Amino acid sequence: MPRDRFWVRLRTHRSAMFGVGVLDLFALASLIGPLLDHNDPVRQDLANAFLPPSPAHPLGTDDLGRDELVRLLYGGRLTLLVGFGAVAIGFLIGVPLGALSGYLGGWLDMLTQRVVDVILAFPNILLAIALVAALGPGLRNVIISVGITSIPAFVRLVRASALSIRELPYVEAARALGVSDWRILLRHVIPNSLAPVIVQATLQLGAAILVAAGLGFLGLGVQPPTPEWGTMLGSSRQFIFSDSILVTVPGLAIFGAVLAFNLLGDGLRDALDPRLR
Amino acid sequence: MTTYLVRRVLLSVPTVLGVATLIFLLVHLLPGDPARVIAGVNATPADVERIRHQLGLDQPGWQQYLSFLGRLAHGDLGTSTHTLNPVTSEIAARALYTAELAALSIVIAIAVGVAAGVVAATRRNTAMDLLISGAAIAGVSIPVYWLGLMLVVLFAIDLRVLPAAGAGGPTSIVLPAITLAFFSVGFIARQTRSAMLEVLGQDFVRTARAKGAGERRVLLRHALRNALLPVVTTIGLQFGTLLGGAVLTETVFAWPGIGRLLVDSIFFRDFPVVQGVVLLIAVAFIVVNLITDLVYAVVDPRIRYG
């Protein structure tokens with residue numbers, strides 16, 4: 001498909017562009033926001049706990065007197081980091097594994113598919129909970145756990161593409177010319193199976209953020225006082241009766257980020273294959 | 001047909017075995033020494049050693065693995081290190097709550113999701129479609145734990161019409177069930193919409209209209225019946241997400257199901273219970289997918305597996 005037509009379709013896709021706008025806003029806010037404000041996101045100031053929103057603290061302060069907006073902005077960095085980190089793990093392991101599995105077939109394919117079956121037998125969040133319970137909480141382990149849960153989707157997708165690509169005449173031609181399997185994989189199989197993978201990666205970003213924040217909410221994720229959105233939501237739950245803004249705001253941020261990635265993912269899919277719209 | 005059914009059932013046996021193996025490996029990576037935790041802070045090293053021996057934790061890993069599988073085959077999931085009750089009775093006491101919650105949510109999800117998807121597809125690109133499609137994507141994007149808390153703020157704190165937590169009266173299941181159903185409603189609505197759009201463009205629908213069949217009959221008898229096949233698969237696949245969501249929903253609403261039991265047990269380092277609950281949820285998901293495949297094969301006469 002001509003590349004420019006893809007970009008035109010994506011740029012005229014209103015909901016996808018809305019998603020991009022929200023993501024730009026989030027990225028900008030979490031990059032620049034913390035620089036503009038000198039409030040420390042973890043320093044406690046108990047005399048000023050539970051302050052209502054005011055010009056000095058636009059979203060008020062939390063139970064330990066920390067500025068809620070500043071914590072939200074720092075949390076945005078972590079959320080994007082966890083999302084991209086986890087999906088990078090899924091992509092970097094899942095894509096080569098899927099390509100090898102589909103292109104080479106045989107016992108490797110059998111083994112990979114059985115392992116993928118087993119991993120897919122666990123609901124995402126459940127596997128992430130089990131992994132984090134085993135590895136221990138913390139930022140690095142959350143990224144690893146959520147990353148592992150995102151591998152199977154990439155494996156399945158790339159394997160399916162590799163299965164059909166390896167039968168195509170140009171691959172046969174390359175093989176007849178004596179091109180090595182590695183080169184065929186790197187030059188033909190993987191590049192030609194990337195289109196659906198990009199859609200998948202975008203949707204996975206949303207899913208990864210949702211699961212990682214879920215771990216934080218349960219108290220199994222990034223640990224306090226680090227301002228992660230899910231952890232903030234979980235630790236302010238007890239104040240729901242007295243100060244519900246503390247539970248409203250971090251959840252709204254998670255919702256916004258996930259929605260934006262899902263809208264963008266849908267838009268990418270429509271732009272890549274307009275028939276499915 | 002029978003061959004297919006038998007083969008499909010047999011194929012899920014290695015998956016269940018793989019699931020059990022993975023869970024065993026995970027649990028044995030858990031940090032912390034369960035023997036020390038059970039013995040308490042004042043225990044002597046001899047006490048800890050005795051408990052370790054009782055639990056079989058002093059045996060080599062492969063031996064523990066084999067006896068784990070052996071006991072599993074007899075339906076024995078071990079003993080809770082927190083309450084000292086058999087894990088099976090710990091789970092049995094809670095499983096009905098989760099089953100009740102999941103069943104009610106899936107009923108809501110199918111009813112609302114399929115109806116919304118059909119309406120959106122038949123009014124494609126109208127304001128109604130935009131509204132439903134927008135709500136559906138919001139449904140699959142909203143964090144279930146946050147949605148639960150927001151419903152508590154609205155219905156339990158501000159309006160005071162429904163209980164905020166627990167499993168007391170008959171109304172206490174309302175908020176958890178709605179919360180848990182949300183994702184599935186969105187997911188099923190999206191899939192139903194695209195399946196309907198696919199079917200509505202096909203020749204047999206045009207033929208039905210040309211014969212003079214009423215619009216209602218065309219939609220329900222001709223289009224929806226064919227569109228439902230992929231939707232059945234969808235419902236089976238997202239059942240896993242529903243079970244995962246139940247863990248979070250039960251935590252939000254203090255609903256006494258196995259999800260909450262799981263989270264509590266992780267904090268108690270009660271690894272036999274963690275193991276048992278994770279295993280039960282994974283096996284439940286495998287069984288539901290199996291049933292989905294079988295239903296699919298029975299419902300769709302075009303499918304004749306060798």
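As a basis for the values below, the full set of heavy atoms in this structure was taken, side chains included, without hydrogen atoms, waters or symmetry mates. The chains referred to below are lettered A, B, ... by the order of the sequence lines, with proteins before strands, and numbering in each begins at 1. Computed from a prediction, not measured in an experiment: that's the story for all the values here.
For chain A, no part of Val144(B) is nearby; none of its heavy atoms comes within less than 4.5 Å. Contacts between Arg190(B) and chain A at a heavy-atom distance below 4.5 Å involve the side chain alone, from C-beta outward. Of the two parts of Leu252(A), the backbone and the side chain both hold a non-hydrogen atom closer than 4.5 Å to a non-hydrogen atom of chain B. Interface residue Ile137(B): backbone and side-chain heavy atoms are both found under 4.5 Å from chain A. Looking at Leu242(B), neither its backbone nor its side chain comes within 4.5 Å of chain A, counting heavy atoms on both sides. If you measure heavy-atom distances from Asn262(A) to chain B, the contacts under 4.5 Å come from both the backbone and the side chain. Of the atoms belonging to Phe267(B), it is side-chain heavy atoms, and not backbone ones, that fall under 4.5 Å from chain A. In this structure, chain A has heavy atoms under 4.5 Å from both the backbone and the side chain of Val19(B). Contact of Val16(B) with chain A is not made at all, since no heavy-atom distance falls under 4.5 Å.
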Does Trp146(B) form a side-chain contact (heavy atoms from CB on, under 4.5 Å) with Ile254(A)? I'd like the steps, not just the answer. CA-CA 9 Å; Trp146(B) 180 66; Ile254(A) 303 167; 6.0 Å; no
Does the pair Arg237(A) and Val152(B) meet the rule for a side-chain contact (heavy atoms from CB on, under 4.5 Å), with working shown? CA-CA 11 Å; Arg237(A) 238 184 92 192; Val152(B) 167; over 6 Å; no
Would Ile129(A) and Val247(B) satisfy side-chain contact (heavy atoms from CB on, under 4.5 Å), going step by step from the backbone distance to the final call? CA-CA 10 Å; Ile129(A) 289 173; Val247(B) 175; 3.8 Å; yes
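In the displayed structure, Phe68(B) atom CZ is contacted under 6.0 Å by more than 12 heavy atoms of other residues, nucleotides or ligands. By the neighbour-count criterion of 12 heavy atoms within 6.0 Å, atom CZ of Phe18(A) is sparsely surrounded, having that number or fewer from other residues, nucleotides or ligands. Annotation for Phe261(A): atom CZ counts as buried by contact number, over 12 foreign heavy atoms lying within 6.0 Å. When the shell of 6.0 Å around CZ of Arg114(A) is examined, it contains more than 12 heavy atoms from other residues, nucleotides or ligands.
When atom types are taken as modelled, the side chain of Tyr145(B) and the backbone of Phe217(A) share no donor-acceptor pair closer than 3.5 angstrom.
Counting heavy atoms from C-beta outward, Leu262(B) and Leu126(A) have side chains that approach closer than 4.5 Å. Contact of the Pro123(A) side chain with the Ile281(B) side chain is registered, since non-hydrogen atoms from C-beta on lie closer than 4.5 Å. Using a 4.5 Å heavy-atom threshold, the side chains of Leu26(B) and Leu131(A) count as touching. Phe122(A) places a side-chain heavy atom less than 4.5 Å from the side chain of Ile23(B).
Considering all non-hydrogen atoms of both residues, Leu22(B) and Leu127(A) come closest at CD2-CD1, 4.4 Å. Counting all heavy atoms, side chain and backbone alike, Leu210(A) lies closest to Pro143(B) at CD1-CA, 3.7 Å.
Note on Gly214(A), Gly206(A), Ala260(A): by heavy-atom pairs under 4.5 Å with chain B, the leading option is Gly214(A). Interface summary for chain A: among Ser141(B), Gly240(B), Gly245(B), the most heavy-atom pairs under 4.5 angstrom belong to Ser141(B). Looking only at heavy-atom pairs under 4.5 Å with chain B, the residue among Asp266(A), Ile125(A), Asn124(A) that has the most is Asp266(A).
Here the straight-line distance linking atom CD1 of Ile266(B) with atom CG of Leu218(A) works out to 8.0 Å at 0.5 Å rounding. A distance of 12.0 Å separates CG of Leu246(A) from CG of Leu149(B), quoted to the nearest 0.5 Å.
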